[in-house]
Amino acid sequence: MKQITRRKFVKNITSKTVLGAGLLTLPSCSKQSSNQAFPNIQTNKSYKWKMITTWPPHFPIMGEGAEKLAEWIEEMSGGQLQIHVYGGGELVPALEAFDAVSQGVAEMGHGASYYWAGKAAATQFFASVPFGMNAQQMNAWLYSGGGLELWQEVYSAFNLVPFPIGNSGVQMGGWFNKEINSIDDIRGLKMRIPGLGGKVIGQAGGSAILSAGGEIFTNLERGVIDATEWVGPYHDFLMGFHKIAKYYYFPGWHEPGTVLEMFINKNAYNSLPDHLKSIIKTAAYRSNIWTVSEFESKNSDYLQKLIQNPKIELRRFPDDVLKKLKQISNDVINEIISSDSSSKKVYQSFEKFKLKVSTWSVYSERAYYKALTS
Ligand code: CA
């Protein structure tokens with residue numbers, strides 16, 4: 001990375017070329033020259049696209065976010081690019097969205113990249129991994145730390161172009177009808193927890209049970225499972241888990257900040273004129289900040305409702321349980337990267353950034369939160 005000296009930094013921030021009108025003047029030839037590279041692109045052509053999502057129709061925040069993205073793109077393009085949003089299962093089954101967009105059945109998809117771990121193991125590092133980075137840190141890695149370029153490289157092999165469009169923030173640990181006082185209490189625990197978190201629970205002696213969203217409540221109520229994770233206070237409240245589980249554990253070590261994604265068929269994306277590509281990129285940034293803000297606001301509202309309920313006990317996982325889960329998570333991730341060079345490349349970048357940003361957080365976020373709550 002190019003080092004910037006203090007002198008140069010001070011010179012730059014006082015320079016008229018940065019603060020003055022010079023920065024706002026766009027070079028007039030840029031659009032023309034890029035269009036010459038794609039002579040077949042018609043800048044006035046109208047587009048009617050389909051977006052398939054992995055969420056139930058109008059699903060709070062995630063599904064709403066997909067609808068807003070489509071709305072914003074249409075609005076910014078003055079109706080030139082219209083997008084019809086389909087809920088999971090409306091056009092293709094939710095978990096076939098990746099293949100469908102890759103093959104051009106629809107131009108756009110909306111989901112979370114760890115759903116596609118079966119296609120390429122490296123995809124999961126762009127969503128969330130146990131003891132990974134939080135929302136702010138993931139955005140920093142993706143936008144400013146080379147993460148998005150790696151993501152584009154991984155998806156390019158599937159004829160897709162990915163965009164981060166949101167983040168769940170730190171999730172909750174889940175709803176338990178059994179107390180977790182030591183790592184031994186995970187032994188024999190039947191928990192609904194997908195992905196890498198599930199593998200970690202499995203290696204700790206529990207069983208990770210997969211069940212569809214609609215069946216989790218009944219399974220927990222009937223004791224088919226002892227515990228389930230879902231998202232955070234807002235989505236968990238809507239699922240009604242507080243009516244049938246006693247302990248609400250935190251933090252969500254398995255999903256510390258899950259990135260939500262939009263992906264576009266590469267041919268469809270490349271066929272767009274530059275200004276529509278730019279509108280899509282801008283809408284993706286807008287969606288990211290909207291989604292992060294909605295999660296933060298709604299989760300804090302609904303946490304209040306849960307705290308006020310005397311039947312619910314909020315509990316922090318004991319330190320030694322978290323420590324052990326972290327060790328197992330490292331083993332699970334090391335196993336993945338040892339057998340897949342693409343995962344290794346992505347994880348090396350991820351881990352290097354995590355270590356760097358975690359050191360900074362000791363002096364920034366962590367120190368501030370400590371000061372705020374002491
Ligand atoms: Ca979750």
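Order of appearance sets the numbers: ligands from 1, and atoms from 1 within every ligand. These values consider heavy atoms only, across backbone and side chains, with no hydrogens, waters or symmetry-generated copies.
Between Tyr155 and Phe98, the ring planes are perpendicular. Angles over 60° get that label, and only those under 30° would be called parallel. Taking the six-membered ring where tryptophan is involved, the planes of Phe241 and Phe217 are essentially parallel, since the angle between them stays under 30° and well short of 60°.
Checked against a 6.0 Å centroid threshold, the rings of His235 and Phe59 count as neighbours.
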Give the C-alpha distance, both sets of side-chain angles, the deciding distance and a yes or no for side chain to side chain contact (heavy atoms under 4.5 Å, CB included) between Leu148 and Trp141.
CA-CA 8 Å; Leu148 185 54; Trp141 177 56; over 6 Å; no
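Connectivity analysis of hydrophobic side chains (ILVMFWY, heavy atoms under 4.5 Å, direct or indirect) links Val224 to nothing; its cluster partners are none.
Residues Val346 and Phe126 have side chains in contact (heavy-atom distance under 4.5 Å, counting atoms from C-beta outward).
Each protein N/O/S atom under 3.0 Å from the Ca ion (ligand 1) was counted, for a total of 5.
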